[in-house]
Amino acid sequence: MKTVASGEFQSNFGGIADIAKSGEPVTITQYGRPTLMLISHQEGAELLRLQATQRLRQWFKERAETQPAEAENLSLDEINDLVHELRP
């Protein structure tokens with residue numbers, strides 16, 4: 001993973017963006033501390049999808065622990081509504 005200072009990022013946005021678009025994440029620092037990460041759109045979309053999946057699994061786990069009978073009786077429409085509700 002490449003690391004650049006914020007000043008370099010501002011001066012060379014195009015070149016640094018090309019690095020991120022090629023699949024290598026770029027960490028941007030301010031005063032020597034990491035503050036941002038630049039990643040390709042494809043990687044960002046995949047991370048958001050994985051995060052939504054994890055939240056959905058957690059939601060089902062919590063429901064199974066507290067209300068197992070209701071979880072078994074959900075209709076496909078209700079499950080679909082829950083999926084859409086949990087998407088970012």
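The structure displayed is predicted, hence computed values, not measured ones. Residue numbers start at 1 and run along the sequence shown.
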Qualifying salt bridge (charged side-chain N to carboxylate O under 4.0 Å, His left out) pairs, either residue in residues 24-33, two or more places apart = none
Considering residues at least two apart in sequence or located in another chain, which fulfil the salt bridge (Lys or Arg N to Asp or Glu O under 4.0 Å) criterion with Asp81?
-> none
So ring pair (Phe, Tyr, Trp, His ring centres under 6.0 Å) across residues 12-39, not counting sequence neighbours, yields Phe9-Phe13
Which residues share a side chain to side chain contact (heavy atoms under 4.5 Å, CB included) with Leu36, sequence neighbours left out | Ile28
Name all residues meeting the side chain to side chain contact (heavy atoms under 4.5 Å, CB included) criterion together with Ser75; count only those two or more places apart in sequence or in a different chain, and write none if there are none.
-> Asp77, Glu78
Considering only heavy atoms from C-beta outward, does the side chain of Val83 approach that of Leu56 to under 4.5 Å?
-> yes
Name all pairs fulfilling the side chain to side chain donor-acceptor pair (under 3.5 Å) condition that reach into residues 7-16, sequence neighbours left out, sorted by first residue then second.
-> none
Distance-only donor-acceptor pairs under 3.5 Å for side chains of residues 44-51, two or more places apart:
{"from": "Glu46", "atom 1": "OE1", "to": "Arg49", "atom 2": "NE", "distance (Å)": "3.2"}
{"from": "Glu46", "atom 1": "OE2", "to": "Arg49", "atom 2": "NH2", "distance (Å)": "2.8"}

Check salt bridge (Lys or Arg N to Asp or Glu O under 4.0 Å) between Lys21 and all other residues, then give those that pass, not counting sequence neighbours.
-> Asp18
Pairwise distance CZ(Arg87) to OG1(Thr53) - rounded to 0.5 angstrom | 8.5 Å
Considering all heavy atoms of both residues, which atom of Val26 and which atom of Ala20 are nearest to each other, and what is their separation?
-> CG2-N, 4.2 Å
Derivation of the side-chain contact (heavy atoms from CB on, under 4.5 Å) call for Thr35 and Thr29 = CA-CA 5 Å; Thr35 55; Thr29 63; 5.7 Å; no
Contacts of Gln54 meeting side-chain hydrogen bond (donor to acceptor under 3.5 Å, both in side chains) (sequence neighbours excluded), chain-then-number -> none
Taking atom CD of Glu43 and atom CG of Leu38, what is their separation to the nearest 0.5 Å?
-> 10.0 Å
Under the salt bridge (charged side-chain N to carboxylate O under 4.0 Å, His left out) rule, what pairs show up with a residue in residues 50-61, not counting sequence neighbours?
-> none
Spacing of Leu86 atom CG and Leu82 atom CG [to the nearest 0.5 Å] = 6.5 Å
